[in-house]
Amino acid sequence: MPPEEGPPDHVVLFVHGMGRALKGGTLQEWAQPLMLSLHDEALECDDAGDHPPLIITEATAVGDAPQARVKVLTGCSPSGGPVYLDVLMTEASWAKDFEPATVGATFWWAVSQAWTVFTRCLRLLWWTFRPASHERILPARLLNWALLIPFISVVAVLGAALILGILALGLVLMVMAKIPAVGQFVSRLLALFADFLGDPQVWKRKQMQAAAMRQRIRETLARWNGDAGVPVTVVAHSQGAAIVGQVLFQRTEDPVRATHFVSVGSGIDLLGYAEWGGTDGSDPVQDWLDVPHRPRWINVWGKFDFVPAGPISRAADGRAAIFRKIFDRHGPGTGGPGPEEHPVYNRSALVYDHVVYSRNRIEVIDPLARLILATPRHEPAWPTTAGEQEPLLFTGVPGDTRLRPHRVMVKSLGVTRLAALVAAVLTAPEVMTWLASLNVVRGVARCGVDPGSWLSWLCLGDPYRWSDPADGWILGVSALVLTALQIWVLNGMVWNGLHGLLERRRKKSRTRSSDPDKRLPPNPWWQLWLYLACALVITFVLPWLLLGGDLSGGDVLLAVPVLLYPFAFLRTGIGGLAARV
């Protein structure tokens, strides 16, 4: 039943993806940044007066039914009183309800999916890096094509080796788990693997548990199913999007409904439906088109997220047509029927991109806040779509000056990783030679005192060189450590701090998350330039000084990654593609 104080004006349901989710964790992950965006949207009201922009009236994030309720200021009535939108946020979670998947079942399911994931990653990278057809700078387009083909080839080879290596390591660890001496430790490690990847194979292979997962969604939505005046927005991530999709697109006698279905990093195309769930899941888009009271479906996917690996299409049309339309907005055709599509820039990393949608305020959280505020309380909760194409519903702040530097800053992350690797490989011999010359290090290694010390490899008198086979493993490990250290500093502390400032729509005040005086933060470009300056110093200037200011011979490679930073500024022209029905 709805809360005793009466039905809210809008309900937002968050659904987590694969892996064990803490009770209330999904709600906290999404609700807190969403409240900040709703707060800043409320500050845009010109007739708001001195009334609080946002008030939290309920917060039971760790209770049996986690939910939060807020009132968002939307203006003032003709009599001068404040007008608030009452928004209830809750979650649907199945993580604690079922027996966890076994390690063996999860591993063999991962083996069966390895080729699919590999090909999806290559296809996503191809569309992500291919030159935009509207790019006017012909030399830049030609250079892009010249770099793209060898890049994809190298990624294909390295990716195949990495996947095979991971699968081989998993098989070895499963054998080691049976050894009494180390089995307990290895079993715990494998349990983490099963916790993370176990849910998808349960969804595909355990029909009764899959039905129970769907029931969790149905029960939560059913609370609001009888009140046609309350808009319901479902935000579902990864596997959660596949579960919600099957629930909403089923043609049953007692269907549950939603106004908006926002799938982020959707697994509906990779995982599909569970068996015995009503429809076969071969064509989710067609199921969405056929359901009598279809929700307005908004599909959000990271440009480097291998799980959705791009847009969702009807089986008869294929995804290439939608990819082509997204990257060539003025080209012919629509790409075929499908939901509203929104490619976004998360972190430029194939794995990390999948788990940070809730941290992308500019392209995910702010549009979600605007979607909630733009849906009137008395709008029919489940409208049918008329016409061939709807307007975009999931829109950012008009004229947002943060969008362009945000995208450049995200694309710069990938270049920084490459620059850090090259700098580490070139400077590892000098760093290790210097480290081994320090008296304190030689003392710890007991050089000249204990030749059998486990640190005796630090006692070499000659400089370390890549050409010496005996130094290879030492320099290899050192290069990996130096690479990780540079990435941790630049793409961790520096990037997160500066990008956090870039994302702000209001200046931070001492008492509130955003300044109620509506003062705008400084020009967002300065955070980008400061990040690039830090990256230049750490990956080029310091290694150049360490190499003695010499870029001759092989050391000239140090400048190659730096020269790739301008590619982060190339425009792609992507944007939201309206739903085609």
Side-chain angles (χ1 to χ4, degrees), residues 30 32-46 48 53-54 72-74 132 134 233 235 260 262 264 298-304 326-327 329 340-348 353 356-375 390-413 495-509 512-532 568-578:
W30 284 91
Q32 293 183 117
L34 179 58
M35 288 181 189
L36 182 58
S37 291
L38 289 170
H39 174 277
D40 284 358
E41 283 291 327
L43 288 176
E44 300 290 342
C45 295
D46 294 329
L54 184 141
V72 186
L73 184 65
T74 59
H134 66 274
T233 296
V235 181
H260 306 122
V262 182
V264 291
I298 299 166
N299 187 45
V300 182
W301 45 277
K303 289 197 68 184
F304 290 87
I326 289 175
F327 284 86
R329 307 312 295 270
E340 184 174 316
E341 297 285 353
H342 288 275
V344 300
Y345 288 83
N346 282 338
R347 293 296 187 271
S348 293
D353 249 32
V356 291
Y357 286 94
S358 61
R359 304 183 202 174
N360 188 342
R361 184 175 176 193
I362 295 175
E363 297 188 87
V364 179
I365 301 300
D366 279 352
L368 178 59
R370 293 174 60 82
L371 174 69
I372 294 169
L373 295 176
T375 306
E390 288 186 337
L392 288 175
L393 299 174
F394 201 75
T395 59
V397 179
D400 194 350
T401 58
R402 303 170 302 164
L403 181 59
R404 176 84 173 126
H406 155 74
R407 289 180 169 178
V408 174
M409 202 166 178
V410 170
K411 288 189 284 186
S412 299
L413 289 172
W495 194 92
N496 287 328
L498 292 175
H499 191 262
L501 295 175
L502 183 149
E503 285 184 312
R504 287 200 170 275
R505 292 176 57 187
R506 300 292 178 191
K507 277 190 174 181
K508 188 175 181 179
S509 68
R512 302 187 185 186
S513 58
S514 297
D515 196 324
D517 295 332
K518 303 184 180 182
R519 293 183 297 174
L520 298 177
N523 189 313
W525 283 98
W526 77 264
Q527 287 98 340
L528 169 64
W529 297 124
L530 185 55
Y531 169 76
L532 293 179
F569 289 84
L570 291 181
R571 294 181 180 271
T572 59
I574 65 168
L577 182 63

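Only heavy atoms go into these numbers, but all of them, side chains included; no hydrogens, no water, no symmetry mates.
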Between [Y] and [X], is there a side-chain heavy-atom distance shorter than 4.5 Å?
| X | Y | answer |
| --- | --- | --- |
| K303 | V344 | no |
| I365 | N360 | no |
| V262 | V364 | no |
| V72 | P53 | no |
| H260 | T375 | yes |

Query raised in the report: Which heavy-atom pair separates S37 from A369 by the least distance, and what is that distance?
Result: CB-CB, 3.8 Å

Report task. Evaluate the criterion side-chain contact (heavy atoms from CB on, under 4.5 Å) for residue pair R505 and R402; output intermediate values, then yes/no. Result -> CA-CA 9 Å; R505 292 176 57 187; R402 303 170 302 164; 3.0 Å; yes

Query raised in the report: Going through the distances and angles, do H39 and E41 end up as a side chain to side chain donor-acceptor pair (under 3.5 Å)?
Result: CA-CA 5 Å; H39 174 277; E41 283 291 327; over 6 Å; no

Atom [atom1] of [X] and atom [atom2] of [Y]: how far apart are they, to the nearest 0.5 Å?
| X | Y | atom1 | atom2 | value |
| --- | --- | --- | --- | --- |
| F304 | Y345 | CZ | OH | 7.5 Å |
| L530 | L502 | CG | CG | 11.5 Å |
| L368 | L373 | CG | CG | 9.5 Å |
| L54 | L36 | CG | CG | 9.5 Å |
| R506 | D40 | CZ | CG | 6.5 Å |
| W525 | T401 | CH2 | OG1 | 10.0 Å |

Counting only N and O atoms by type, is there a donor-acceptor contact under 3.5 Å from the side chain of [X] to the main-chain atoms of [Y]?
| X | Y | value |
| --- | --- | --- |
| D353 | G302 | no |
| W495 | M409 | yes |
| E340 | L392 | no |
| S348 | L413 | no |

Query raised in the report: Under the side-chain contact (heavy atoms from CB on, under 4.5 Å) criterion, do S412 and L532 qualify, and how do the steps go?
Result: CA-CA 8 Å; S412 299; L532 293 179; 3.8 Å; yes

Query raised in the report: side-chain contact (heavy atoms from CB on, under 4.5 Å) between L403 and I362: does it pass, once the steps are laid out?
Result: CA-CA 7 Å; L403 181 59; I362 295 175; 4.1 Å; yes

Query raised in the report: For V264 and W301, what are the C-alpha separation, side-chain angles and deciding distance, and is it a side-chain contact (heavy atoms from CB on, under 4.5 Å)?
Result: CA-CA 6 Å; V264 291; W301 45 277; over 6 Å; no

Query raised in the report: Thinking salt bridges, do R370 and E44 make one under a 4.0 Å N-O criterion?
Result: no

Requested in this report: Taking only Lys NZ, Arg NE, NH1 and NH2, and the carboxylate oxygens of Asp or Glu, determine whether D366 and R361 approach each other closer than 4.0 Å.
Outcome: yes

Query raised in the report: Taking the six-membered ring for Trp, are W529 and F569 ring centroids under 6.0 Å apart?
Result: yes

Report task. For the pair H406 and E503, evaluate side chain to side chain donor-acceptor pair (under 3.5 Å) and give the outcome as yes or no after the intermediate values. Result -> CA-CA 8 Å; H406 155 74; E503 285 184 312; 5.4 Å; no

